[in-house]
Amino acid sequence: SVDGRNLAVYGAGKLDGAARLSVVYLHGKDGTREWGFDDERFGGNFSRLKTLVVKNGGAYYSPDFTDFDEAGLADISALVSQITQKSGGKVIVACGSMGVQICWSLAKDASARKQISGMIILGGFPDSNFLRAAYSGAAKPVPLYIAHGSRDPVYDVAALEDFYSALKAKDYPVRMTVFDTGNHGTPVRMID
């Protein structure tokens, strides 16, 4: 519950607070928590992810959230904070497509940033404000993994490649995989 709103979340694994690692998946536009919990959607990759997390003593979360702006940020910040307070383990936030907007907002929020051990950007877009914070040294670096399809018609791969190169030039902890001939949903299907 946050700001009088109830946040619906699917979860698997050590949800009682004993998780060594927690993974939170944020869906894109027109998605719901169902997407990140469906064992067949995206080639069964969510089934594999849940299994890996659970078998390794972790917890997996797929939440609904209000929007991709301030209210959605408040929703996910509250969830990350609750997870951190309960388990103390690492929290990785994986954002797909438009959900990347929340990832960038979390990275700019000082208290949320302290609770996140890493972010995964799947078929998303860059954020120049993230670059400024990364360069300033004022923000704790949140390790970043970017996965994108070379033929993504929604978000151009060239913009993310430039973003990645700029981060690498500053020795930021980042890695990028481009799936050759991959489309918009390819990173979610193919990331391992």
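FYI, side chains are in, hydrogens and waters are out, and symmetry mates aren't considered; it's all heavy atoms of this structure.
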* Under the side chain to side chain contact (heavy atoms under 4.5 Å, CB included) criterion, do Asp152 and Val157 qualify, and how do the steps go? -> CA-CA 7 Å; Asp152 188 325; Val157 69; 5.7 Å; no

* To do: Using only heavy-atom distances, determine whether the side chains of Gln85 and Ser81 contain a donor-acceptor pair under 3.5 Å.
  => yes

* Within a strict 4.5 Å, meaning less than it, do heavy atoms of the Ile120 and Val93 side chains meet? -> no

* Asked: Tell me, do Ser77 and Leu73 make a side-chain contact under 4.5 Å, heavy atoms counted?
  -> yes

* Is the closest basic N to carboxylate O distance between Asp180 and Arg151 below 4.0 Å? -> no

* Does any non-hydrogen side-chain atom of Leu21 lie less than 4.5 Å from one of Asn56? -> no

* Asked: What distance separates Ser150 OG from Glu161 CD, expressed to the nearest 0.5 Å?
  -> 8.5 Å

* Heavy atoms of other groups near Lys90 NZ, more than 12 under 6.0 Å -> no

* Value rounded to 0.5 Å, distance of OH in Tyr164 from OG1 in Thr177 -> 8.5 Å

* Asked: Taking atom CZ of Arg48 as the centre, does the number of heavy atoms from other residues, nucleotides or ligands within less than 6.0 Å exceed 12?
  -> yes

* Using distance alone, with no hydrogens and no angle criterion, decide if Thr66 and Asp75 have a side-chain donor and acceptor under 3.5 Å apart. => yes

* Asked: Can you tell if the side chain of Arg33 reaches within under 4.5 Å of the side chain of Ser62, non-hydrogen atoms only?
  -> yes

* Asked: Taking it one step at a time, do Val188 and Asn45 satisfy side chain to side chain contact (heavy atoms under 4.5 Å, CB included)?
  -> CA-CA 7 Å; Val188 177; Asn45 212 11; 5.6 Å; no

* Mind checking the NZ-CZ spacing from Lys108 to Phe130? Nearest 0.5 Å is all I need. => 10.0 Å

* Structure fact -> Contacts of Phe65 meeting ring-ring contact (aromatic ring centres under 6.0 Å, His included) (sequence neighbours excluded), chain-then-number -> His27, Phe68

* To do: Could you walk me through whether Tyr61 and Tyr25 pass ring pair (Phe, Tyr, Trp, His ring centres under 6.0 Å), step by step?
  => CA-CA 6 Å; Tyr61 299 86; Tyr25 173 73; over 10 Å; no

* Asked: With side chains defined as the heavy atoms from C-beta onward, is the minimum distance between Arg189 and Phe46 less than 4.5 Å?
  -> no

* Asked: Does Trp104 reach the main-chain N or O of Phe125 with its side chain, forming a donor-acceptor pair under 3.5 Å?
  -> yes

* Asked: For the atom pair CG (Leu122) and NE2 (His184), what is the distance rounded to the nearest 0.5 Å?
  -> 10.0 Å

* **Rounded distance (nearest 0.5 Å) linking atom NZ of Lys170 with atom CG of Leu167** => 10.5 Å

* To do: With the side chain counted from C-beta on, respond yes when Ser117 and Ile92 share a heavy-atom pair under 4.5 Å apart, and no when they do not.
  => yes

* Hey, could you give me the CG/OH distance between Asp64 and Tyr10, rounded to the nearest 0.5 Å? => 8.0 Å

* To do: Find out whether Leu131 and Phe163 are in side-chain contact, i.e. whether some heavy atom of one side chain is under 4.5 Å from a heavy atom of the other.
  => yes

* Can you list every side chain to side chain donor-acceptor pair (under 3.5 Å) pair that touches residues 14-23, not counting sequence neighbours? -> none

* Any side-chain heavy-atom pair of Tyr60 and Val54 under 4.5 Å -> no

* Residues in ring-ring contact (aromatic ring centres under 6.0 Å, His included) with Phe179, at least two apart? -> none

* Met176 CE: over 12 foreign heavy atoms closer than 6.0 Å -> yes

* Asked: Within the distance-only criterion (no hydrogens, no angle test), does the side chain of Tyr172 pair as donor or acceptor with the backbone N or O of Val142 below 3.5 angstrom?
  -> yes

